[in-house]
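To start, the structure itself, in structure tokens.
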Amino acid sequence: MSKHIVKIEDFKDYEHQTILAATSDSPKKIIQKTYLRQISPGRHELVNVIEVWRLGKLITSTSHLQLAIAAYNKI
């Protein structure tokens, strides 16, 4: 069995974005952002934030997909 040791220092600037929904007729989109946050010395957590954008402006930012979908459908 092989082991690979992951050092948290390798991920301290980690950020990932995924477009969950987008339209071309009226430019709006839902983006999920994941990043690593230090909560105390030696303790880290992954944070997921879902943002709704329209015409390059942030409409809402939440951690709940259902709230993001409701805001997306409203605009």
Side-chain angles (χ1 to χ4, degrees):
M1 182 164 87
S2 67
K3 289 184 179 181
H4 180 74
I5 297 173
V6 177
K7 295 180 182 177
I8 198 70
E9 294 81 25
D10 296 340
F11 294 97
K12 71 177 187 177
D13 294 326
Y14 175 79
E15 184 175 318
H16 180 75
Q17 293 186 15
T18 304
I19 297 175
L20 300 177
T23 61
S24 59
D25 55 337
S26 66
K28 61 182 185 176
K29 58 187 167 184
I30 299 177
I31 301 174
Q32 177 181 346
K33 294 183 177 180
T34 304
Y35 60 93
L36 187 70
R37 178 174 68 181
Q38 182 175 3
I39 54 176
S40 65
R43 292 189 61 208
H44 296 78
E45 66 182 1
L46 283 175
V47 177
N48 286 309
V49 177
I50 302 169
E51 298 178 344
V52 178
W53 291 78
R54 181 169 187 264
L55 299 172
K57 291 185 179 182
L58 179 64
I59 302 300
T60 189
S61 177
T62 181
S63 61
H64 301 283
L65 182 58
Q66 185 175 3
L67 296 175
I69 292 170
Y72 180 82
N73 289 333
K74 222 183 239 190
I75 56 174

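These values consider heavy atoms only, across backbone and side chains, with no hydrogens, waters or symmetry-generated copies. Heads up: numbering here begins at 1 and tracks the sequence.
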Cluster companions of V47 among Ile, Leu, Val, Met, Phe, Trp, Tyr (side-chain spacing under 4.5 Å)
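For the cluster that includes V47, the remaining residues are Y35, V49.
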
Restricting to non-hydrogen atoms, name the atom on Q32 and the atom on N48 that form the minimum distance, rounded to 0.1 Å.
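Scanning both residues, the minimum pair turns out to be NE2-OD1, 3.2 Å.
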
To check you understand the geometry: which heavy-atom pair defines the closest contact between I50 and A68, and what is its length?
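The answer is CG2-CB, 3.4 Å.
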
Would you compute the distance between atom NZ of K29 and atom OG of S24 and round it to the nearest 0.5 angstrom?
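The distance works out to 12.5 Å.
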
I need the I30 CD1 to T18 OG1 distance, nearest 0.5 Å.
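Between I30 CD1 and T18 OG1, I get 12.5 Å after rounding to 0.5 Å.
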
Does Q38 have any side chain to side chain donor-acceptor pair (under 3.5 Å) partners at least two apart in sequence or in another chain, and if so, which?
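For Q38 there are no side chain to side chain donor-acceptor pair (under 3.5 Å) partners, ignoring immediate neighbours.
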
Pairs where residues 52-73 contributes a residue and the test side chain to side chain donor-acceptor pair (under 3.5 Å) is met, not counting sequence neighbours:
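Residue pairs passing side chain to side chain donor-acceptor pair (under 3.5 Å), neighbours aside: E51-W53.
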
A side-chain contact here means heavy atoms from C-beta on lying under 4.5 Å apart; do E15 and Q17 qualify?
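Yes; the side chains approach each other to less than 4.5 Å.
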
Should the heavy atoms of other residues, nucleotides or ligands under 6.0 Å from NZ of K33 be counted, would the total exceed 12?
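Result for NZ/K33: enclosed.
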
Are I31 and V52 grouped together when hydrophobic residues (ILVMFWY) are joined by side-chain heavy atoms under 4.5 angstrom apart?
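The answer is no; the residues belong to distinct hydrophobic clusters.
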
